[in-house]
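Below you'll find the structure, written out as structure tokens, and then a few comments.
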Amino acid sequence: MDREQLKEALAWQIAIGADATLLDTPPADYTAIALSRCLQTPSPQTQPAPPISELRETVADMPLATAPASPSKQTAITTGMSQDLSHIESLDELKQALATFDGCALKQTASNLVFADGNPEAEIMLIGEAPGRDEDRVGLPFVGAAGQLLDKMLHAIGLDRTSVYICNILPWRPPGNRTPTVEETQMLWPFLQRHIQLKSPRIIMALGGSSAKLLLDETTGILKLRGRIVERDFGLEAPVPVLPSLHPAYLLRSPGQKRLSYQDLLQLQQFMSDKI
Ligand code: URA
């Protein structure tokens with residue numbers, strides 16, 4: 001690695017929250033890098049590296065999340081409506097069914113249906129809360145500031161959007177990015193459950209309190225729920241492991257919590273390697 005690459009690597013590590021020592025040894029065969037030496041000894045051809053505090057400011061300047069994921073007071077619902085969607089046999093059909101579903105008022109105020117992104121064959125399914133402004137505009141989940149952080153988080157454990165599948169508990173943006181109501185999540189639960197069934201993931205990572213509470217049928221806050229894999233029955237042959245974790249939008253507002261998120265990502269990585 002040359003000096004510029006090391007600077008980029010450092011900025012990236014800070015951006016993903018790797019700014020504290022968590023484990024006694026590195027989790028993988030990472031080559032130890034003498035960053036301090038590199039930062040103190042500019043080569044004649046390159047500009048001096050900015051101090052770490054400046055890199056932190058660069059990260060802090062990133063735009064704030066558009067979809068605050070404040071924990072809602074809602075009761076988690078996993079039984080939901082009686083709507084039978086078992087006749088839907090593919091993700092495309094499910095997307096079509098949602099596109100023609102007029103029972104939810106959110107559709108009227110949203111610009112686009114935000115169904116999913118990533119690899120439909122992936123074994124990891126990430127489920128967030130609801131589209132924000134950018135997602136509503138583009139029609140894909142996690143494309144705004146929170147999504148950019150999510151990409152960096154995935155990258156930290158060697159994943160990207162080709163190795164995961166991403167959707168939300170709601171496919172339409174709640175006006176003003178407010179937290180989804182119980183009625184909305186209840187109404188759309190059959191669609192999410194069918195989504196999980198058709199996707200049949202090896203593991204679900206629930207991003208944020210709304211998603212974790214809904215999927216785990218819990219009322220406890222995400223800071224208590226996170227980091228522990230729990231198996232849940234979604235009507236598949238076998239229960240599906242669910243790993244609750246922090247929402248990237250929350251991490252943008254509370255960067256100090258990124259270390260917890262990184263621990264969860266390492267757990268996801270460990271789970272995937274254990275199961276191979
Ligand atoms: N927050 C979410 O929960 N989902 C998105 O798609 C974007 C922001």
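The chain is numbered in sequence order, starting from 1. Atoms within each ligand, like the ligands themselves, are counted from 1 in listed order.
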Just jot down the ligand 1 atoms closer than 4.0 angstrom to any heavy atom of P141, in number order.
6 (O)
Please check if the side chain of T185 supplies one atom and the backbone of T181 the other of a donor-acceptor pair under 3.5 Å.
yes
Looking at ligand 1, does A249 have a heavy atom less than 4.0 Å from it?
no
Is there a path of hydrophobic side-chain contacts, each under 4.5 Å between heavy atoms of I/L/V/M/F/W/Y residues, joining V143 to Y250?
no
T162 and N119: side-chain donor and acceptor closer than 3.5 Å?
no
Ignoring hydrogens and geometry, is there a side-chain-to-backbone donor-acceptor pair from Q148 to A145 under 3.5 Å?
no
Which ligand 1 atoms does H247 reach within 4.0 Å, using its non-hydrogen atoms?
1 (N), 2 (C), 3 (O)
Donor on one side chain, acceptor on other, D92 and Q96, under 3.5 Å
no
Purely on distance, is any nitrogen or oxygen of G132 under 3.5 Å from one on ligand 1?
no
Out of all atoms in ligand 1, which are within 4.0 Å of some heavy atom of G128? Include the element for each.
3 (O)
Heavy-atom count around K95 NZ within 6.0 Å, excluding the residue itself: above 12?
no
Show me which atoms of ligand 1 lie under 4.0 Å from any heavy atom of E129.
2 (C), 3 (O)
Taking distance alone, with N or O pairs closer than 3.5 Å, would you say A130 contacts ligand 1?
yes
